[in-house]
Amino acid sequence: MGRFGMCGRLIFDSLFSQTANRGCIIVPHNAKTQIRLNRLFNTTSLNRNVEPPKMNKPKAKGIITWKTLGITTVVGGGLLAFMLYVKREKELAIARERKRALGKISIGGKFKLKDCKGRIRSSDDFLGQWCLIYFGFTHCPDICPDEIEKMVEIVNKLDKDNKLKVQPIFISVDPERDTPEVVGKYTAEFSPRLLGLTGNRVEIDEVCKAYRVYSSAGPRDQENDYIVDHTIIMYLVNPDGEFVDYFGQNRNVEEIFNSVKIHATKYDRMNNPGWF
Amino acid sequence: MPHLNKEERSICWKSRDDYWKCLDKAEASKQLDPEKACQDLYQVFASKCPGQWVKHFERKRKFEVFKKRIVEEGFEPIPEEKK
């Protein structure tokens, strides 16, 4: 092989050799070509100025990293909060609709009566607080005392257990005998918190009409005594002065207590919507 | 006539309860005239409670007795007219 033999050999090598047998080249013995050959085949000198490609650990480029997890949590949390907000708005809208529909029952309303000291008390004075109203008369044999005791017990229980202040009110259906002084003496024996209200015939008729209270004075005996037949109901009025619920003789203290609690909670939620 | 205060009310109710207990005992022992047997207690009851209340409680007792009888002994249905 002559001079061309080197190139031919290279080609030959690249085509057929697999092992490092490239050193087997017959070359003309010559210093210049020797250096050239060295440069060609000497791997160490070739790589002196070039950094070998770094053998990095194959990075697992997965989907789940701390960063993506954080982003998902924030976005998911935001969506959840938005969904809860929308749900709450919907519930409030439904409750308001229901309330508006029930409000058409039209029981209750404004009244202007006198308290035990003869001062004029209007229904507006009680806006901002819950009220339980019971209609009765001081000459009542047994029902009114029982119901008023029940009402006072409920109010005390709500005050103690729930810090919910409910104003108990007694309104007389017997204006002829139940003057402000008489009513004051009567209610004082049940509770200092019980407010007794009375008025003249016209005022009492007005408030009885507003609350759909039936009353009828019975026949008088020789002592001019008579019993007034009347509706035996406790009315629950909310801080907006609206009638909310009624409780008859068959409901006991526990039942009425729970019912008032639920109404108060519902009212607070409607008027102070928060996140929870 | 002024209304009864709390104490007077409970005295009246107590005398009523005593009278009714006597009546219950007399009726249970199948006495012919329970009211006569408990006459003394009735006098006390009538003195402690206003007349209207006595009438009211008598009506109440009749109703309670009637209710009890219906529950325990059943009732005779009114015969229906044949259509």
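To find a chain, count down the sequence lines: A is the first, B the second, and so on, and within it residues start at 1. Everything numeric in this text was worked out from a predicted model, so none of it was measured. Heavy-atom basis, side chains included; hydrogens, waters and symmetry copies ignored.
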Give the interface residues of residues 109-129 of chain A toward chain B, defined by a heavy-atom separation under 4.5 Å.
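Within residues 109-129 of chain A, near chain B: nothing under 4.5 Å.
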
Strictly below 4.0 Å, N to O, side chains only: are A/K163 and A/D159 in salt-bridge contact?
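No, no charged N to carboxylate O under 4.0 Å.
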
To the nearest 0.5 Å, what is the distance between [atom1] on [X] and [atom2] on [Y]?
{"X": "A/E206", "Y": "A/K209", "atom1": "CD", "atom2": "NZ", "answer": "8.5 Å"}
{"X": "A/K87", "Y": "A/L84", "atom1": "NZ", "atom2": "CG", "answer": "7.0 Å"}
{"X": "A/E189", "Y": "A/I148", "atom1": "CD", "atom2": "CD1", "answer": "10.5 Å"}
{"X": "B/R69", "Y": "B/E64", "atom1": "CZ", "atom2": "CD", "answer": "14.0 Å"}

When you measure from the side chain of A/Y235 to the backbone N and O of A/Y211, does any donor-acceptor pair fall under 3.5 Å?
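Yes; judged by distance alone, with no hydrogens or angles, the pair exists.
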
Strictly less than 4.5 Å between heavy atoms, which residues of residues 8-35 of chain B line up against chain A? Please order them by number.
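Interface residues of residues 8-35 of chain B: B/R9, B/W13, B/R16.
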
Contacts of residues 42-57 of chain B with chain A (heavy atom under 4.5 Å):
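Heavy-atom contacts from residues 42-57 of chain B to chain A are B/P50, B/G51, B/Q52, B/W53, B/K55, B/H56, B/F57.
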
Least distance between heavy atoms, [X] atom then [Y] atom:
{"X": "A/E255", "Y": "A/N252", "result": "N-OD1, 2.9 Å"}
{"X": "A/K150", "Y": "A/Q249", "result": "NZ-O, 3.5 Å"}
{"X": "A/I169", "Y": "A/L197", "result": "CG2-CD1, 3.7 Å"}

Between the side chains of A/S216 and A/D229, does any donor sit under 3.5 Å from an acceptor?
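No, because no side-chain N or O of A/S216 sits under 3.5 Å from a partner of the opposite role on A/D229.
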
Does the side chain of A/D245 come under 3.5 Å of the side chain of A/H263 through a donor N or O and an acceptor N or O?
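Note: A/D245 and A/H263 side chains meet the donor-acceptor criterion.
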
Tell me, side chain or backbone of A/P219 under 4.5 Å from chain B's heavy atoms, or both, or neither?
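Contact with chain B: backbone only.
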
Toward chain B, the part of A/N224 with a non-hydrogen atom under 4.5 Å:
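Neither part, no heavy atoms under 4.5 Å.
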
Salt bridge (charged side-chain N to carboxylate O under 4.0 Å, His left out) assessment of B/K68 paired with B/E73:
CA-CA 8 Å; B/K68 200 165 158 213; B/E73 295 170 20; over 6 Å; no

With ring-ring contact (aromatic ring centres under 6.0 Å, His included) as the rule and sequence neighbours excluded, what pairs involving residues 139-182 of chain A come up?
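Of all non-adjacent pairs touching residues 139-182 of chain A, those that pass ring-ring contact (aromatic ring centres under 6.0 Å, His included) are A/F170-A/Y186.
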
For A/Y226, is the NZ or CZ atom of A/R177 found under 6.0 angstrom from the centre of its six-membered ring and inside 45 degrees of the ring axis?
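Geometry flag: set, cation within 6.0 Å and 45°.
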
